[in-house]
Amino acid sequence: MPTLNGKIYLQKLLIKLSRLSVIFLVVCSPLRQKVDSLFVDKTIERETKFRDLVESTWIQYPKLGLSCDKEISYHKFYCKIQTIISLKKLSEYLGIPIFESGPHTKYYLELNSPNDFGHYHPEFPVKLREYLLPAKSNKALYTVTLPIYEHSIRNIAREFFIVYQKLDSNPKFFRKEADRYLMLVEEKRLDPYYLDRFILFLYPAFTDNEDPEESSRFVYRKGDETIDAQVVKELVGFWIRRKADGTDTEFVLGLIDLLKLYDPEFYQNRTVTTSN
């Protein structure tokens, strides 16, 4: 008999709990919907603000950070962008951290660290591809920004691609150099002048071994060696670090998007099959 009463009590308790659950869901559903709606509205507002900022940055780019013009290679680009948005704010707009590790802070880039480098978050270049080319769907903006690209961005965009192409023409060498660079950084043995060995990287005679049988082979294109040697060195370093942190593919896909939009003839000519 006590056992039976206990079972009846348990059944009644379960029924009461189920009724309370239904009441709780009914009461809380509007609140949940309101919270979800508020979250969606905030996300849309954040994305809209960032898209507007990207468009205005494209239009104002030649006037940004005029003191940055003394910087070498892509450091000039970083310098200009930091005059309008901090890394912290950029991270907030994108909803992800910019770097997974490295010497950079939330507010500025540390470009002269002898023993470390910024390991980009894998989603960062993906997000950039999503936001940074608003002219793809805006013809009026394309018309306005095309001369800006040609005057202020085209040369460095082409140089980025040319250096990447030569590195990628020998994937084994590319991977080996990235692994070596990463090892030296982790062991704090990276020589401050390590990248100087790549000053002549775009020359046809560049080699990593004096023995012709052991030296690496690359696809060479006539005229590439005319690019400033210091710029070449910096760009080789950039791509080696991107291979090391695993973001090279997404970054180059973003670069290809840029070239296809603003520099299609160059991109087509560079991707025609050649032989040494």
Quick one: list whatever passes side chain to side chain contact (heavy atoms under 4.5 Å, CB included) with [X], sequence neighbours left out.
X: Asp196; answer: Tyr193, Ile199, Lys233
X: Glu186; answer: Leu182
X: Asn138; answer: Glu55, Ala140, Leu141
X: Ile98; answer: Leu90, Ser91, Leu94, Tyr120, Phe124

Inter-residue atom distance [X].[atom1] - [Y].[atom2], 0.5 Å rounding:
X: Arg180; Y: Ile240; atom1: CZ; atom2: CD1; answer: 9.0 Å
X: Ile44; Y: Arg51; atom1: CD1; atom2: CZ; answer: 11.0 Å
X: Glu250; Y: Leu255; atom1: CD; atom2: CG; answer: 12.5 Å
X: Leu133; Y: Trp58; atom1: CG; atom2: CH2; answer: 6.0 Å
X: Phe77; Y: Ser152; atom1: CZ; atom2: OG; answer: 11.5 Å
X: Ile162; Y: Thr226; atom1: CD1; atom2: OG1; answer: 7.5 Å

Please check this pair: side chain of [X] against backbone of [Y], looking for a donor-acceptor N/O pair closer than 3.5 Å.
X: Gln268; Y: Phe266; answer: no
X: Asp224; Y: Leu202; answer: no
X: Asn170; Y: Arg217; answer: yes
X: Thr145; Y: Ile148; answer: no
X: Gln165; Y: Arg270; answer: yes

With sequence neighbours excluded, what pairs up with [X] under the salt bridge (charged side-chain N to carboxylate O under 4.0 Å, His left out) test?
X: Asp228; value: none
X: Lys260; value: none
X: Glu187; value: Arg189

[Y] side chain reached by [X] side chain, heavy atoms, under 4.5 Å:
X: Lys49; Y: Leu53; value: no
X: Val163; Y: Phe198; value: no
X: Leu195; Y: Tyr181; value: yes
X: Glu177; Y: Phe173; value: yes
X: Lys222; Y: Pro204; value: no

Determine the minimum heavy-atom distance between His121 and Pro97, stating which atoms define it.
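In this case the closest contact between His121 and Pro97 is CB-O, 3.1 Å.
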
Please name the pair of heavy atoms, one in Ala244 and one in Arg175, separated by the smallest distance, quoted to 0.1 Å.
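Heavy atoms of Ala244 and Arg175 come nearest at CA-NH2, 4.1 Å.
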
Taking only Lys NZ, Arg NE, NH1 and NH2, and the carboxylate oxygens of Asp or Glu, determine whether Arg129 and Asp257 approach each other closer than 4.0 Å.
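Here Arg129 pairs with Asp257 in a salt bridge, since their nearest N and O are under 4.0 Å apart.
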
Counting only heavy atoms not in Glu130, do more than 12 sit closer than 6.0 Å to its CD atom?
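Result for CD/Glu130: enclosed.
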
Which residues satisfy the ring-ring contact (aromatic ring centres under 6.0 Å, His included) test with Phe50, sequence neighbours excluded?
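Phe50 satisfies ring-ring contact (aromatic ring centres under 6.0 Å, His included) with Tyr93, Tyr131 once adjacent residues are dropped.
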
What about the rings of [X] and [Y], do their centers lie closer together than 6.0 Å?
X: Tyr164; Y: Phe251; answer: no
X: His119; Y: Phe117; answer: yes
X: Tyr142; Y: Tyr262; answer: yes

With sequence neighbours left out, which residue pairs that include part of residues 128-167 fulfil the disulfide bond (SG atoms under 2.5 Å apart) condition?
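Passing the test, one end in residues 128-167: no pairs.
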
Salt bridge (charged side-chain N to carboxylate O under 4.0 Å, His left out): pairs with one or both residues in residues 236-245, sequence neighbours excluded:
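Found Arg242-Asp245, Lys243-Asp248.
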
Ignoring hydrogens and angles, write down the donor-acceptor pairs under 3.5 Å from the side chains of residues 154-161, residues two or more places apart or on other chains.
unit_1	atom_1	unit_2	atom_2	d
Arg158	NE	Asp263	OD2	2.7
Arg158	NH2	Asp263	OD1	3.0
Arg158	NH2	Asp263	OD2	3.4

Give every donor-acceptor pair under 3.5 Å between a side-chain atom in residues 59-70 and any protein atom, sequence neighbours left out.
unit_1	atom_1	unit_2	atom_2	d
Lys70	NZ	Ser67	O	3.0

By the definition ring pair (Phe, Tyr, Trp, His ring centres under 6.0 Å), identify the one residue from Phe206, Trp239, Tyr220 that meets it with Phe201.
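Of the listed options, the one satisfying the test is Phe206.
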
